[in-house]
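Sequence lines set the chain letters: A, B, ... in the order given, protein chains first and strands last, and positions in each chain run from 1. Here the structure is a predicted model, which means the values were calculated and not measured.
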Amino acid sequence: MVKQKKKGSKMAGLPPGTLIHVGERKIETPKITLIDYNTTEYHEKEVKEIEKCFPFEDKSNVTWINIDGIHDIETIEKTGEHLKLHPLLLEDIMNTDQRPKIEDYGDYIFIVLKMLYYNAKENGLEVEQVSLILGSNYVISFQEKEGDVFNSIRERIRRGKGRLRKSGADYLAYTLIDAIVDSYFIILEGTGDKIEGIEEKLITNPKPETLQTIHNLKREMIFLRKSVWPLREVISSLERTESKLIEGSISMYLRDLYDHTIQVIDTIETFRDMISGMLDIYLSSVSNKMNEVMKLLTIIATIFIPLTFIAGIYGMNFEYMPELQLHWGYFATLFIMVVVSIVMLIYFRKKKWL
Amino acid sequence: MVKQKKKGSKMAGLPPGTLIHVGERKIETPKITLIDYNTTEYHEKEVKEIEKCFPFEDKSNVTWINIDGIHDIETIEKTGEHLKLHPLLLEDIMNTDQRPKIEDYGDYIFIVLKMLYYNAKENGLEVEQVSLILGSNYVISFQEKEGDVFNSIRERIRRGKGRLRKSGADYLAYTLIDAIVDSYFIILEGTGDKIEGIEEKLITNPKPETLQTIHNLKREMIFLRKSVWPLREVISSLERTESKLIEGSISMYLRDLYDHTIQVIDTIETFRDMISGMLDIYLSSVSNKMNEVMKLLTIIATIFIPLTFIAGIYGMNFEYMPELQLHWGYFATLFIMVVVSIVMLIYFRKKKWL
Amino acid sequence: MVKQKKKGSKMAGLPPGTLIHVGERKIETPKITLIDYNTTEYHEKEVKEIEKCFPFEDKSNVTWINIDGIHDIETIEKTGEHLKLHPLLLEDIMNTDQRPKIEDYGDYIFIVLKMLYYNAKENGLEVEQVSLILGSNYVISFQEKEGDVFNSIRERIRRGKGRLRKSGADYLAYTLIDAIVDSYFIILEGTGDKIEGIEEKLITNPKPETLQTIHNLKREMIFLRKSVWPLREVISSLERTESKLIEGSISMYLRDLYDHTIQVIDTIETFRDMISGMLDIYLSSVSNKMNEVMKLLTIIATIFIPLTFIAGIYGMNFEYMPELQLHWGYFATLFIMVVVSIVMLIYFRKKKWL
Amino acid sequence: MVKQKKKGSKMAGLPPGTLIHVGERKIETPKITLIDYNTTEYHEKEVKEIEKCFPFEDKSNVTWINIDGIHDIETIEKTGEHLKLHPLLLEDIMNTDQRPKIEDYGDYIFIVLKMLYYNAKENGLEVEQVSLILGSNYVISFQEKEGDVFNSIRERIRRGKGRLRKSGADYLAYTLIDAIVDSYFIILEGTGDKIEGIEEKLITNPKPETLQTIHNLKREMIFLRKSVWPLREVISSLERTESKLIEGSISMYLRDLYDHTIQVIDTIETFRDMISGMLDIYLSSVSNKMNEVMKLLTIIATIFIPLTFIAGIYGMNFEYMPELQLHWGYFATLFIMVVVSIVMLIYFRKKKWL
Amino acid sequence: MVKQKKKGSKMAGLPPGTLIHVGERKIETPKITLIDYNTTEYHEKEVKEIEKCFPFEDKSNVTWINIDGIHDIETIEKTGEHLKLHPLLLEDIMNTDQRPKIEDYGDYIFIVLKMLYYNAKENGLEVEQVSLILGSNYVISFQEKEGDVFNSIRERIRRGKGRLRKSGADYLAYTLIDAIVDSYFIILEGTGDKIEGIEEKLITNPKPETLQTIHNLKREMIFLRKSVWPLREVISSLERTESKLIEGSISMYLRDLYDHTIQVIDTIETFRDMISGMLDIYLSSVSNKMNEVMKLLTIIATIFIPLTFIAGIYGMNFEYMPELQLHWGYFATLFIMVVVSIVMLIYFRKKKWL
């Protein structure tokens with residue numbers, strides 16, 4: 001999760017606009033899916049080469065091209081050529097190190113987002129960069145690997161119910177972003193469950209591993225935050241945009257989306273506060289436990305040290321030690337020892353140490 | 001309190017505007033109350049079906065429909081149809097995960113608020129979402145369950161005294177929000193009492209449970225804050241609104257309401273500061289107590305270790321140990337032990353360790 | 001100081017504008033003083049009933065009515081009726097829970113301030129709410145109890161020197177606020193003295209009580225801050241106001257007042273930084289002292305444990321222990337013990353533990 | 001450094017504009033120096049009474065009057081009378097408790113600054129307030145005592161090289177402020193040296209005094225910050241001023257000055273970060289050292305306690321203890337003791353405690 | 001890295017605009033390189049004296065003069081004279097203490113940047129100041145020493161591919177800044193690697209040196225931050241500039257550069273969060289380890305102290321101690337000792353201390 005992608009060493013010295021894939025290659029061959037629909041019609045096919053997707057501009061249909069796998073320079077380049085995209089935009093698509101951002105190029109709007117998965121195997125968050133190009137009647141989406149977040153949207157297009165089939169490319173773009181923001185709620189649900197789980201353990205049985213888990217949660221929140229904060233600006237500027245690509249009628253939906261983003265941010269901040277509170281409780285619990293242990297040592301040592309000393313006295317080998325000759329000397333000594341212990345115990349109780 | 005409502009898993013993949021109840025179902029059947037009044041007249045009745053409430057628009061009376069229970073899709077849908085409410089608004093009413101917000105839809109204003117109760121049984125705060133729709137001559141309020149915060153307002157309408165019966169729906173909406181803000185003061189009073197209670201214990205007898213209570217208070221403040229901060233913006237934008245639904249004459253009341261909200265926020269921040277100070281005092285108290293215990297151990301051990309050593313010396317069984325034969329050897333040894341202890345006690349006193 | 005006034009439970013359910021006293025009743029009967037002056041004349045009298053003060057509007061004199069004691073609903077109500085004050089304003093006067101604020105009602109300006117006293121008996125800060133109503137030729141001031149902060153102003157009016165008698169009601173209002181801000185400097189002086197006092201003790205002799213004092217100071221700063229921060233806005237908006245009640249010529253004085261407020265805030269922030277630094281020093285001092293104690297224990301124990309072990313060896317009762325028969329065995333053992341101690345002391349010295 | 005000047009108790013109750021010296025009297029008699037120059041001429045003299053300086057207004061020369069010592073009411077008053085200065089301005093000059101600020105009175109600009117010296121004797125920072133009055137052809141500077149920061153400027157005027165003699169009073173004022181800002185760099189250099197010095201000690205030999213030094217540095221940074229932050233606004237508003245007293249041609253110099261101020265602030269913030277890092281290192285070092293000591297105690301005690309117990313066993317006086325009669329019993333016991341110690345040492349090593 | 005350059009003591013008292021080198025002299029003789037190109041032509045030469053570079057203004061070519069070594073007053077002065085640069089600008093070039101900044105002088109834009117290297121020998125960051133002067137057809141760059149960050153740009157100019165040879169001086173300036181920003185990514189990559197390296201050690205084997213490394217990383221982040229934060233403003237104001245020196249067509253590239261800077265800042269902030277988390281883990285790890293050690297001491301001591309006491313009892317020399325005569329007394333005592341130890345071990349296990 002920490003791994004800095006090797007942008008610096010790969011990119012340094014190259015002219016801007018050079019196409020080079022920065023990030024982990026998560027899929028072998030890119031997979032290109034073409035969905036084309038209007039209120040009445042619907043076509044879906046997988047194509048091998050991006051060129052086969054292109055004659056869509058003449059039609060009034062909405063076209064959604066989804067590309068899984070962003071490391072194939074050729075595909076990216078051809079897309080760029082055909083749609084006359086800016087070279088820096090293409091560079092950004094291939095560089096998975098981007099922050100969420102929105103750029104309005106006039107004929108098209110370019111949006112970069114971060115999708116987050118919880119990877120159960122590595123027990124950590126996984127980030128995937130999703131780039132969207134929104135044109136007048138098309139949306140092109142780039143993902144690092146095949147994902148299932150967009151599947152439900154495909155299903156909704158197929159079934160043809162709801163607003164989606166009746167609306168334009170801008171509503172499709174909104175739907176895609178909405179699906180990503182919804183996926184954050186799933187991450188947060190998982191985090192909420194983990195927090196609850198840890199909280200119970202915190203009180204009953206704090207362990208060093210608990211600390212490790214708390215720190216992992218803390219770090220996940222750092223990463224979530226890094227992905228979501230800039231998203232807020234992205235959606236806000238999408239809502240306020242004067243681009244002709246965004247129809248006025250979907251601004252209500254964008255406002256709703258914005259509210260969801262704020263909700264995610266709010267929850268992240270609350271979790272951060274709670275996690276840092278948990279850290280405090282953990283440290284206090286550990287120190288309480290330590291104190292309990294130390295107190296026992298103190299009390300046992302404090303009681304036995306004087307007793308052992310008394311025993312030591314009468315273990316001395318002096319020739320003349322009058323007590324030793326007394327018949328009841330041994331029992332008297334034992335009695336004194338008992339008295340000393342009782343007095344000390346009473347003292348400790350009074351001091352509330354017991 | 002921590003529980004993230006399962007928005008993510010419930011909502012993910014659904015088209016926006018889908019009506020689905022998100023949150024805990026706090027009541028069995030929704031209860032619909034209709035209050036209808038003007039300066040001279042007053043009607044109040046409970047209806048079974050929301051349709052029976054609707055012919056209110058023709059009248060010049062102020063109509064207040066209160067719906068307890070928000071999980072019944074049919075009721076919400078019918079209300080939406082009749083008043084031509086935006087589907088996203090209906091979705092928001094049913095989703096108890098909203099932040100406080102205000103949305104101006106032209107013909108009506110939609111307000112989401114959070115009501116807070118202290119639940120004595122679970123010893124924690126309980127949040128309830130209240131949605132208000134303010135139209136030209138009506139207010140519709142949605143609550144998660146039957147509550148008593150609005151009862152005093154019903155009483156004031158019945159009695160017909162004061163400004164309420166003489167004013168329009170905007171003043172009624174103001175009165176409802178005011179009642180909710182007033183309820184925060186009651187929460188804060190309770191918190192203030194708890195803080196005072198803990199503070200006395202902190203000095204006399206810090207216990208691990210005290211720590212737990214402090215952390216609970218801290219968390220309650222986090223939740224209160226989350227509910228009240230956005231409220232500030234809500235009221236501020238209500239005050240500054242140019243909507244024709246809000247008459248100029250109540251802006252004075254909204255300013256007063258805004259002042260109250262700021263007061264609540266101020267108090268929350270002060271409490272947060274105080275609670276974090278209490279945490280410091282607690283930790284210091286515990287560590288002071290520990291230090292006291294450790295000091296005793298040190299002193300007892302430090303005094304007896306040399307004495308025990310001396311006793312050990314004369315417990316050795318060497319054949320030739322001249323001191324052992326001396327008649328006063330035993331007493332001299334005891335005397336030396338006393339001298340050593342006294343010297344050490346004086347040293348400790350000088351070092352201010354006693 | 002902590003006590004939340006019972007606003008919530010007293011106010012909840014009452015219509016806004018209801019007159020009810022919130023706060024502690026600090027005086028039995030309200031005391032009303034009327035001062036009336038211009039450049040040449042000067043009248044001062046104590047009146048029993050507020051009505052007797054009112055025929056002042058016809059005159060061109062400046063009239064200052066000071067009311068000590070704000071719990072008497074009748075007095076407040078009559079004042080309100082006569083001057084046509086807004087009911088919410090009257091409510092605010094009687095509710096001592098206000099934040100400092102300024103409200104421009106056109107014909108009059110309403111200002112709420114907090115006066116702070118150091119209460120030597122309770123060894124804490126005491127807050128008193130002061131409300132001012134500034135009209136075209138009058139100032140009405142409401143205090144919770146008789147105070148001496150305004151006495152010097154009365155004296156200045158009586159003596160008739162300086163600008164005060166020559167200026168209007170706005171200058172009088174400025175003078176009253178100035179007196180309150182000046183009183184903050186006295187509080188800060190006291191705090192400065194206390195900080196200095198504690199600092200010396202911190203180094204020489206840190207005690208748990210010192211910690212308590214530091215926390216009290218910290219809390220006092222929280223309260224001071226809460227009173228002074230909003231004051232800044234109050235004075236700033238008074239300076240920038242376009243109300244005809246404030247003459248341009250006193251804006252220079254308001255700027256000066258604003259500078260003083262900033263100075264108070266600056267000093268509070270500096271004190272906060274210093275107090276939190278003191279807390280750090282205290283904790284370090286305590287832990288240093290503890291370390292010193294522990295080090296002694298360690299060294300004494302570490303030296304005597306091996307010696308006691310040696311003595312234990314020769315205290316064993318084995319039949320065949322050749323060393324015991326040696327004539328110089330005892331002395332050799334003592335010698336070895338001395339050598340062991342010296343070696344250990346040298347080791348400790350080398351490790352810089354001594 | 002901490003000492004709050006007794007503004008409150010001295011000023012409280014006095015009308016605004018009353019001239020009273022607030023601060024320490026650092027010099028006996030005020031010293032007044034008059035410098036008068038243009039491109040070709042140059043006069044410098046010390047005068048006893050401020051009146052002798054005044055006939056400068058008729059001349060086109062630039063006049064610089066420097067007054068060391070601000071406690072003499074007469075001098076301040078006469079200056080005020082002659083130049084028609086606002087009484088509040090005169091009050092500010094005499095009150096050394098001001099924050100850096102700038103006030104534009106139309107005919108003249110009033111600037112308050114803080115000069116900082118490192119006082120080697122008291123090993124702390126010393127603050128001196130410098131007030132400047134910039135008129136059309138004169139600058140009047142007020143210092144608390146004779147200082148040498150302005151000496152180099154006098155020298156530059158005398159030598160007549162550079163822009164200074166060719167420019168107006170505004171450039172002179174700029175030069176004076178520049179000299180003060182430059183003096184902050186000297187303070188920061190000293191602080192930088194101290195930080196480096198402490199850092200080396202931190203690692204090799206942390207002592208309680210180191211902590212004291214770190215806290216002193218921290219406090220110095222608080223004071224520096226308090227002096228420099230408002231300066232930033234002062235210079236920025238001087239740069240943006242539309243006063244006819246400031247020629248456009250020096251705005252370049254003011255921008256440079258502004259950059260220097262930002263640099264000072266940056267360095268202060270960096271130092272603050274570094275100092276707080278040092279505090280962390282110190283506390284960790286101390287606790288590391290303590291841990292080392294405790295570990296030794298633990299190991300020695302843990303090894304010897306069982307050995308001493310074994311010796312104790314065979315020191316018992318039971319009549320029938322078969323081992324005691326064995327010829328090799330003593331040596332076997334010693335051997336067992338050696339084995340026990342070795343086993344424990346191996347265990348500790350395995351646990352990486354040694 | 002900490003070393004404050006001796007600006008204060010060197011500069012204090014000098015008139016502004018005085019040329020004096022502030023900083024470390026990193027190279028002996030300045031090295032001047034002249035590159036001159038347009039779409040078709042390309043010249044590169046090293047010159048000894050700056051004068052030889054100057055007849056470039058008449059040509060329409062783009063001229064890039066790179067000067068390594070900024071301590072030579074003559075070179076700087078001649079450049080300033082020839083191009084009519086402001087004296088304060090020249091002062092800034094020679095003073096390596098500048099913050100990154102941009103200043104628009106109309107005919108030319110002056111930009112100060114910080115280049116960062118990781119110095120493996122000193123195991124720390126090294127800062128180098130780079131100043132750029134961008135004119136209508138020239139860029140002059142000043143470096144403290146010969147560096148290789150710009151080499152790849154020279155190579156691109158030589159090869160003549162890409163946009164660089166076809167664009168003007170503004171694009172060259174952009175390329176230079178881009179190269180510097182790219183170098184930050186390399187630094188951050190290194191930091192990321194170090195963080196990963198430490199994290200593994202943190203869990204397995206925390207050592208005091210780890211703490212030192214964490215603090216070094218923390219400090220490096222402070223320095224990086226200090227260099228990059230102002231850069232953000234520099235690039236932002238370059239993007240928004242209305243200077244005729246910057247063509248509209250490169251604003252896209254500047255936006256991209258701005259995004260990179262934000263990315264760097266984001267990563268720095270994330271690293272800061274992670275480093276401070278690591279500090280917490282380190283301290284917890286150390287304290288956990290200490291606790292483990294202490295627990296062992298406690299348990300061993302707690303078990304053996306009572307046993308040793310029992311042995312002490314029967315080591316007393318009383319004449320009448322009936323147990324001593326019993327034949328099975330010794331074995332019974334040993335048995336009791338075993339029972340006591342087992343009981344204690346069970347107790348510890350129940351308390352989860354083992």
Legend entry - Distance-only polar pair, side chains of E:Glu319 and A:Tyr330, donor-acceptor under 3.5 Å: no

Legend entry - Part of E:Arg255 lying under 4.5 Å from any heavy atom of chain A: side chain

Inset, instruction - Kindly compute the distance separating CD (A:Gln212) from OG (E:Ser285), expressed to the nearest 0.5 Å. - result: 8.0 Å

Inset, instruction - Against chain E, label A:Ile222 side chain, backbone, both or neither, depending on which of its atoms sit under 4.5 Å from a heavy atom there. - result: side chain

Legend entry - Atom group of E:Tyr174 that falls short of 4.5 Å from chain A, counting heavy atoms: side chain

Legend entry - Minimum side-chain heavy-atom gap A:Arg99-E:Asp259 below 4.5 Å: no

Legend entry - A:Arg219 with E:Glu199: basic N within carboxylate O range, under 4.0 Å: yes

Legend entry - Minimum side-chain heavy-atom gap A:Asp97-E:Gln263 below 4.5 Å: yes

Inset, instruction - Side chain from CB out, backbone as N, CA, C, O: work out which of these in A:Ile214 comes under 4.5 Å of a heavy atom of chain E, or both, or neither. - result: neither

Legend entry - Minimum side-chain heavy-atom gap A:Thr333-E:Ile313 below 4.5 Å: no

Inset, instruction - Answer with side chain, backbone, both or neither: which region of A:Ile303 has an atom nearer than 4.5 Å to a non-hydrogen atom of chain E? - result: neither

Inset, instruction - Under 4.5 Å heavy-atom distance to chain E, tell me which part of A:Met316 shows up: side chain, backbone, both or neither. - result: backbone

Legend entry - A:Glu103 vs E:Met252 side-chain heavy atoms within contact, under 4.5 Å: yes

Inset, instruction - May I ask you to decide if the ring planes of A:Tyr314 and E:Phe318 are parallel, tilted or perpendicular, using 30° and 60° as cut-offs? - result: tilted

Inset, instruction - Select one option (side chain, backbone, both, neither) describing which atoms of E:Phe304 are under 4.5 Å from chain A's heavy atoms. - result: neither

Legend entry - Note, E:Tyr320 side chain near A:Phe331 side chain (heavy atom, < 4.5 Å): yes

Legend entry - Region of A:His215 that comes under 4.5 Å of a non-hydrogen atom in chain E: side chain

Legend entry - Proximity breakdown for A:Asn317 and chain E, heavy-atom pairs closer than 4.5 Å: both

Legend entry - E:Met344 side chain near A:Ile300 side chain, heavy-atom distance below 4.5 Å: yes

Inset, instruction - Against chain E, label A:Tyr105 side chain, backbone, both or neither, depending on which of its atoms sit under 4.5 Å from a heavy atom there. - result: side chain

Inset, instruction - Below 4.5 Å from any heavy atom of chain A, which atoms of E:Tyr184 appear? Answer side chain, backbone, both or neither. - result: neither

Legend entry - E:Glu247 atom CD, over 12 foreign heavy atoms within 6.0 Å: no

Legend entry - Contact check, side chains of E:Asp280 and A:Lys218, non-hydrogen atoms, under 4.5 Å: yes

Inset, instruction - For each of E:Ile262, E:Asp178, E:Leu164, E:Thr175, tally heavy-atom pairs with chain A at distances under 4.5 Å, and name the one with the top tally. - result: E:Ile262

Legend entry - Atom group of A:Leu283 that falls short of 4.5 Å from chain E, counting heavy atoms: side chain

